[in-house]
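The residues of the chain are indexed from 1 along the displayed sequence.
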Amino acid sequence: MTVSTERRDVVAAGKIRAADASADGARTPREDSQVYFHVLPPPYGDSPTLGSRTFDGRLHRPMSVYRVLVTGGSGFIGSHLCRRLVDSGLEVHVVSRTQRNAADGIRWWTTDLTEYEATQHLLRTIRPELVFHLASFVTGSRDLGAVLPTFRNNLLTTVNLLTAACEVGRPLVVLAGSAEEPPPHDSDPVPASPYAAAKIAASTYARTFSARFGLPTFTFRISMVYGPGQQDGTKLVPYVTQSLLRGESPALGSCGREVDWIYVDDVIDAFVMFAHSTETTYPSKTVGESLDVGSGHLVSVRTVVEQIAQMIDGPAAPRFGVLCDRPFERTLLADVARTRAAIGWEPRTSLENGLMKTVEWYRQG
């Protein structure tokens, strides 16, 4: 199988223009959708280093997958992933609903993935070999008002992307799932929120597209991510950290819930290691499956808040028990051993070191 190296500049002011794949630009779809080549391009093909992260030396062959599409690339996890992919020497395309300023090594596209024709046109224009689908409406709300936004932005976009991928070259599609999804063996499989329902439905569709339509898909169920660059002030770590740095006391619930915390760089390692695996053929049991990305340890929210407060050592203190706890919370522990066995990944950053780096980033920001 040959992979074209031609590059077409089809970005005009960050938007897709009428430069759809023509006869001279189209590439032949894979003859066997179960065979992929995901290893590093030069110069990383001769080194076990991906960006600034070092692994166990298993990454050693030229990579035929070099054109990558990232949805949600402007978000917290997506922005970290895009920088790492660019550092790895890949051609990185990123899609968002609003126009973005061009970034070094990144081609930005403006497309609404809730519109199928626009999604199909995007894939026909870029012709990616690999898609990281991170675009998502993230909310912990249990309210009825969260149903339609999570359905449109988390499930409809995924189905549109999977369908378009089936029709355009059948690239490998990697989904960013959530630890909020009830695992298959869960005795209480009812999702705790509209967000969790949309995520598990998206993962189910991915398995269906793999099993019934031959589209290679994969899902990472990601635990509670934290780290530098998280701009959403409603999330626990940025909210508590920024409040204490301003000398304000964050208002919190009891914070007794135990959570599996994972540093953002470790999450990116999992995505990149999977994409750059030296395995040229993934076993059938892996295609369409899901793996957990977490620390494999449970730490209470209160403990994390107290650690942040100790690191900042300011005049303000957290106020526990001021707010009501969110209903239907789950305690879910990532199965790190299964992920390690499947792709060789395991977390490298301790909670203490990760929080120290995060607090310092906010302190300097």
Side-chain angles (χ1 to χ4, degrees), residues 1-4 16 20-21 25-38 64-72 93 95 109 111-136 150-178 181-184 189 191 196-222 271 274-275 277 279-291 342-343:
M1 177 182 69
T2 60
V3 177
S4 169
I16 299 177
D20 203 356
R27 294 177 296 112
T28 305
R30 290 174 174 80
E31 296 178 359
D32 181 356
S33 63
Q34 301 302 312
V35 179
Y36 332 113
F37 297 85
H38 303 154
S64 65
V65 175
Y66 84 100
R67 186 180 293 122
V68 181
L69 171 63
V70 180
T71 76
H93 299 257
V95 60
W109 306 78
T111 301
D112 185 350
L113 297 179
T114 64
E115 299 178 1
Y116 177 71
E117 290 185 357
T119 304
Q120 184 188 54
H121 182 73
L122 177 74
L123 266 66
R124 287 194 183 280
T125 303
I126 299 174
R127 294 279 176 167
E129 282 90 19
L130 173 62
V131 178
F132 287 112
H133 183 39
L134 278 66
S136 181
T150 53
F151 168 78
R152 283 180 54 81
N153 295 286
N154 298 351
L155 182 55
L156 179 59
T157 56
T158 301
V159 173
N160 283 345
L161 188 65
L162 293 171
T163 304
C166 268
E167 297 177 344
V168 185
R170 298 181 182 272
L172 172 64
V173 181
V174 180
L175 305 186
S178 170
E181 303 175 36
K199 280 294 189 179
I200 194 170
S203 298
T204 302
Y205 265 105
R207 291 196 300 272
T208 301
F209 271 77
S210 289
R212 299 292 178 258
F213 308 124
L215 179 70
T217 70
F218 196 82
T219 302
F220 280 118
R221 287 191 300 263
I222 305 173
F271 278 97
F274 180 80
S277 169
E279 294 295 329
T280 56
T281 305
Y282 287 102
S284 58
K285 67 178 181 179
T286 302
V287 176
E289 289 301 312
S290 301
L291 289 176
I343 64 172

*Please assess Val131 against Val68 for the test side chain to side chain contact (heavy atoms under 4.5 Å, CB included), listing each intermediate value before the final yes or no.*
CA-CA 6 Å; Val131 178; Val68 181; over 6 Å; no
*asked:* Test side chain to side chain contact (heavy atoms under 4.5 Å, CB included) on Phe132 and Leu172; report intermediate values, then the result.
replied: CA-CA 9 Å; Phe132 287 112; Leu172 172 64; over 6 Å; no
_Let's go through Leu69 and Val95 carefully: what are the C-alpha distance in whole Å and the side-chain angles of both, what is the deciding distance for side chain to side chain contact (heavy atoms under 4.5 Å, CB included) to 0.1 Å, and is it a yes or a no?_
CA-CA 8 Å; Leu69 171 63; Val95 60; 4.3 Å; yes
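Nearest heavy atoms, Pro191 versus Ala197: CB-N, 3.5 Å. The minimum heavy-atom distance between Leu215 and Pro171, with the atom names listed, is CD1-O, 3.5 Å. Residues Ala202 and Leu175 come closest through the heavy atom pair O-CD1, 3.9 Å. Summarising the geometry of Leu134 relative to Ala176, their closest heavy-atom pair is CG-CB, 4.0 Å, with the distance given to 0.1 Å.
Side-chain atoms of Arg170 never come within 3.5 Å of backbone atoms of Pro216 as a donor-acceptor pair (strictly under, hydrogens ignored). Between the side chain of Asn153 and the main chain of Ser136, no donor-acceptor pair closer than 3.5 Å is present. Put simply, the side chain of Lys199 never gets that close to the backbone of Leu155: no donor and acceptor are under 3.5 Å apart. Side-chain atoms of Glu129 come within 3.5 Å of backbone atoms of Arg67 as a donor-acceptor pair (strictly under, hydrogens ignored).
For the atom pair CZ of Arg212 and SG of Cys166, the computed distance is 13.0 Å after rounding to the nearest 0.5 Å. Separating the CG atom in Leu130 from the NE2 atom in His93 is a distance of 11.5 Å, to the nearest 0.5 Å. The distance from atom OH of Tyr205 to atom CG of Leu161, rounded to the nearest 0.5 Å, is 14.5 Å. For the atom pair CG of Leu113 and OG1 of Thr158, the computed distance is 9.0 Å after rounding to the nearest 0.5 Å. In this structure, Thr150 OG1 and Leu156 CG are separated by 11.5 Å, a value rounded to the nearest 0.5 Å.
Of the residues Leu123, Ile126, Leu122, the one that meets the side chain to side chain contact (heavy atoms under 4.5 Å, CB included) test with Val168 is Leu123. Applying side chain to side chain contact (heavy atoms under 4.5 Å, CB included) to His133 and the options Val174, Thr71, Thr217 leaves one that passes, Thr71.
Side-chain contact between Val173 and Leu162 is present, with heavy atoms from C-beta onward closer than 4.5 Å. Side-chain contact check for Arg221 versus Leu291: every heavy-atom pair is 4.5 Å or farther apart. With contacts defined as side-chain heavy-atom distances shorter than 4.5 Å, the pair Val70/Phe271 does not qualify.
The side-chain hydrogen bond (donor to acceptor under 3.5 Å, both in side chains) check on Thr219 picks up nothing, with sequence neighbours excluded. In terms of the ring-ring contact (aromatic ring centres under 6.0 Å, His included) criterion, residue partners of Phe209 (sequence neighbours excluded) are, by chain and number, Phe213.
Using cut-offs of 30° and 60° for the angle between ring planes, the Phe218 and Phe274 rings count as parallel.
Dense packing is recorded around OH of Tyr116, with more than 12 heavy atoms of other residues, nucleotides or ligands lying under 6.0 Å away.
Thr157 and Thr114 are not linked by any side-chain donor-acceptor pair at a separation below 3.5 angstrom, with hydrogens and angles left out of the test.
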